[in-house]
Amino acid sequence: MRSSPRRLPALLLGTALVATVLGVGTIASATTEAHTGRDATAATSVAHLGHTMAVSTQASGDDPDGDGYIPAVPQVTGVTPSTATPPTRYFHEFQANCSVTHTAPDDPIVYPGQPGKSHDHTFMGNTSTNANSTTASLSGGATTCKAPADASGYWMPSLYNGDRKILPVGPQTIYYKAGVTDYTSVRPFPKGLRFVVGKPMQSADEFRHHRGFVEGWECGDSYFNVDFPAGCPSRADVQLNIRFQAPSCWDGKYLDTPDHKSHMAYPVVKPGTNDNMCPADHPVALPMIEFKMAFPVNGDMSQVRLASGRGYSFHYDFFNAWEDRTLKALVDHCIVGGLQCDARGYDQTHPEAGATLNSDYRLP
């Protein structure tokens with residue numbers, strides 16, 4: 001049982017959650033997905049006109065007391081952020097290659113047990129992910145990830161061109177990387193950890209300066225777009241791409257918190273160096289997830305939108321349901337081992353290191 005006194009009544013929890021997610025001080029009572037124009041004023045507005053979010057009225061099945069805090073069992077204690085500098089390795093990563101499974105207006109993290117309450121999401125990984133998903137329901141489930149042991153849920157707002165939904169084709173790249181300089185200190189995600197990266201109501205400026213921002217929206221030779229570019233080359237080899245990185249430092253205490261963010265943090269710079277380390281209040285280094293998504297749309301982009309609004313409303317969710325031994329083997333071999341691995345845990349530039357998984361993407 002949690003010893004912290006941080007309990008929130010259900011209504012207060014819902015109010016705090018929405019205010020945090022939206023970044024505003026007022027609460028809307030309905031979910032709307034209207035698409036606004038691309039004028040300069042709207043592009044820099046603080047909130048998305050026409051897009052509001054309803055209050056969550058139910059707790060996750062993993063949160064029996066309903067206060068929004070899901071304690072880790074056991075909690076990780078006695079850890080201090082690593083300040084070590086291991087031998088330089090340019091890469092320390094592996095990939096989870098996962099295809100789209102389905103779309104639905106569900107979000108088991110933000111709106112647990114409330115089907116249809118969210119804007120539309122595109123789901124990857126676990127084929128069963130829905131509003132009622134819990135750690136138990138996801139664990140061991142069927143998946144479209146190459147590694148059968150990865151039953152995690154990954155999802156993001158659906159992308160449209162006009163009224164036509166545009167789905168990524170084939171396995172998408174989800175990197176698991178070291179976000180800190182001491183890549184040897186990275187440990188696997190705890191089962192049931194979940195979080196949201198970014199927020200649907202962020203402004204263009206917030207999106208551009210978000211710690212997870214890599215190159216924004218890109219297509220052809222156009223990069224660092226905060227909103228969708230007006231047009232992309234009409235060629236078969238051109239798709240709309242986005243890369244966005246998640247926080248990788250954990251407080252060691254909670255698998256989720258009421259705002260779905262506070263238990264995670266981005267690394268900070270070690271004073272007097274260019275090294276990255278975890279902050280003292282989030283001392284546990286976990287893999288840094290990076291979504292690298294490709295949408296098959298190009299040409300005239302004037303009608304392209306997200307279910308959550310403009311391009312800068314992009315965000316995503318992660319719900320860990322990996323089989324523990326497999327995830328640990330990949331983290332130890334590829335991240336801690338300083339390799340650039342594919343979904344099998346194989347680095348073609350270091351064949352002598354071997355692969356973590358066999359030809360069926362399973363532990364031998």
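Nothing here was measured: the structure is a model prediction, and the numbers come from that model.
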For Thr326 and Arg362, what are the C-alpha separation, side-chain angles and deciding distance, and is it a side chain to side chain donor-acceptor pair (under 3.5 Å)?
CA-CA 8 Å; Thr326 305; Arg362 299 178 185 273; over 6 Å; no
Between Gln114 and Ser56, does the side chain to side chain donor-acceptor pair (under 3.5 Å) criterion hold? Intermediate values first, please.
CA-CA 8 Å; Gln114 299 158 85; Ser56 179; 3.1 Å; yes
Is there a side-chain contact (heavy atoms from CB on, under 4.5 Å) between Thr356 and Leu363? Walk through the geometry before answering.
CA-CA 7 Å; Thr356 307; Leu363 277 179; 4.2 Å; yes
Applying side chain to side chain donor-acceptor pair (under 3.5 Å) to Thr143 and Asp150, what does each step give before you reach the verdict?
CA-CA 7 Å; Thr143 180; Asp150 186 7; 5.6 Å; no
Could you walk me through whether Val180 and Ser185 pass the side-chain contact (heavy atoms from CB on, under 4.5 Å) test, one step at a time?
CA-CA 8 Å; Val180 293; Ser185 68; 3.9 Å; yes
Could you go through Phe123 and Thr103, starting from their C-alpha distance and side-chain angles, then the distance that decides it, and tell me whether this counts as side-chain contact (heavy atoms from CB on, under 4.5 Å)?
CA-CA 6 Å; Phe123 292 86; Thr103 65; 5.6 Å; no
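The side-chain heavy atoms of Leu159 and Lys165, taken from C-beta on, include no pair separated by under 4.5 Å. Proximity of Leu255 to His263: side-chain heavy atoms (C-beta onward) are nowhere separated by under 4.5 Å. Contact annotation: the side chain of Tyr154 approaches that of Cys98 to within less than 4.5 Å [non-hydrogen atoms, C-beta and beyond]. In this structure, the side chains of Val186 and Pro287 come closer than 4.5 Å at one or more pairs of heavy atoms. Looking at heavy atoms from C-beta onward, Thr122 lies out of side-chain contact with His102 at the 4.5 angstrom threshold. The shortest side-chain heavy-atom distance between Leu240 and Phe228 falls under the 4.5 Å cut-off. Put simply, the side chain of Phe295 does not reach to within 4.5 Å of the side chain of Gln239, judged on heavy atoms. Contact of the Met124 side chain with the Met156 side chain is registered, since non-hydrogen atoms from C-beta on lie closer than 4.5 Å.
The two residues Ala178 and Tyr183 make their nearest non-hydrogen contact at CB-CB, 3.6 Å. Closest of all the heavy-atom pairs between Cys219 and Pro229 is SG-CG, 3.7 Å. Taking all atoms of both residues into account, the shortest heavy-atom contact from Asn358 to Pro364 is ND2-CA, 4.3 Å. Taking both residues in full, the closest heavy atoms of Pro108 and Thr129 are given as CG-CG2, 4.0 Å, listed atom of the first, atom of the second, then distance. Pairing each heavy atom of Thr134 with each of Ser137, the nearest pair is N-OG, 2.8 Å. The heavy-atom pair separating Asn126 from Gly141 by the smallest distance is ND2-CA, 4.1 Å.
Between Asp107 and Lys117 there is no salt bridge, since no side-chain nitrogen of the basic residue lies less than 4.0 Å from a carboxylate oxygen of the acidic one. Using a cut-off of 4.0 Å between Lys/Arg side-chain N and Asp/Glu carboxylate O, Glu206 and Lys199 are scored as salt-bridged. Checked for salt-bridge contact, Asp342 and Lys146 miss the test: no charged N lies under 4.0 Å from a carboxylate O.
The backbone N or O of Trp322 sits less than 3.5 Å from a side-chain atom of Asn320, completing a donor-acceptor pair. Checked by atom type and distance alone, the side chain of Ser262 never pairs as donor or acceptor with a backbone atom of Thr257 at under 3.5 Å. Side chain of Arg344 to backbone of Ala355: no donor-acceptor contact under 3.5 angstrom is found. A donor-acceptor pair is defined here as one N or O able to donate and one able to accept, closer than 3.5 Å; such a pair exists between the side chain of Gln202 and the backbone of Tyr312. When atom types are taken as modelled, the side chain of Asn225 and the backbone of Trp217 share a donor-acceptor pair closer than 3.5 angstrom. Panel note: side chain Gln172, backbone Val169; a donor-acceptor pair is recorded below 3.5 Å. Using modelled atom types, no side-chain atom of Arg325 and backbone atom of Glu323 make a donor-acceptor pair closer than 3.5 Å. Between the side chain of Asp227 and the backbone N or O of Gly311, at least one donor-acceptor pair lies under 3.5 Å. In terms of modelled atom types and a separation under 3.5 Å, the side chain of Ser152 and the main chain of Ala321 share a donor-acceptor contact. A donor-acceptor pair under 3.5 Å is formed between the side chain of Asp251 and the backbone N or O of Tyr254.
With sequence neighbours left out, the side chain to side chain contact (heavy atoms under 4.5 Å, CB included) criterion links Asp237 to Arg235.
Ring pair His315/His260: centre-to-centre distance not below 6.0 Å. In this structure, Phe244 has its ring center at least 6.0 angstrom away from the ring center of Phe291.
The aromatic rings of Phe314 and Tyr316 sit tilted, their planes meeting at an angle between 30° and 60°. Relative orientation of the Phe318 and Phe195 rings is tilted, given thresholds of 30° and 60° on the angle between their planes.
Open room surrounds NZ on Lys328; 12 or fewer heavy atoms of other groups in view lie less than 6.0 Å from it. For Arg89, the CZ atom sits in a packed shell: over 12 heavy atoms of surrounding residues, nucleotides or ligands are nearer than 6.0 Å. Around CZ of Arg211, the count of heavy atoms belonging to other residues, nucleotides or ligands within 6.0 Å exceeds 12.
Evaluation of the salt bridge (charged side-chain N to carboxylate O under 4.0 Å, His left out) test over residues 168-183, restricted to residues two or more places apart or in two chains, returns Lys177-Glu290. The side-chain hydrogen bond (donor to acceptor under 3.5 Å, both in side chains) contacts involving residues 90-99 comprise Gln95-Asn97, where partners must be two or more places apart or lie in separate chains. Pairs engaging residues 235-320 under the disulfide bond (SG atoms under 2.5 Å apart) rule: Cys249-Cys278 [sequence neighbours left out]. Pairs of residues two or more places apart, or lying in two chains, that qualify as side-chain hydrogen bond (donor to acceptor under 3.5 Å, both in side chains) and include a residue from residues 274-286 are Thr85-Asp275.
A single hydrophobic cluster is seen to contain both Val76 and Ile335, as judged by linkage of ILVMFWY side chains at heavy-atom distances under 4.5 Å, directly or through other members. A chain of hydrophobic side-chain contacts below 4.5 Å, direct or via other Ile, Leu, Val, Met, Phe, Trp or Tyr residues, connects Leu286 to Ile174. Tracing side-chain contacts under 4.5 Å through hydrophobic residues (I, L, V, M, F, W, Y), one reaches Val79 starting from Val331; they form part of the same cluster. In terms of hydrophobic clustering, with Ile, Leu, Val, Met, Phe, Trp and Tyr side chains grouped at heavy-atom distances under 4.5 Å, Phe207 and Phe224 are assigned to a common cluster. Taken together through direct or relayed side-chain contacts under 4.5 Å among Ile, Leu, Val, Met, Phe, Trp and Tyr, Leu306 and Ile166 form part of one hydrophobic cluster.
To the nearest 0.5 angstrom, Tyr69 atom OH is 10.5 Å from Asp256 atom CG.
Residue Met277 belongs to a hydrophobic cluster whose other members are Val268, with links defined by side-chain heavy atoms closer than 4.5 Å.
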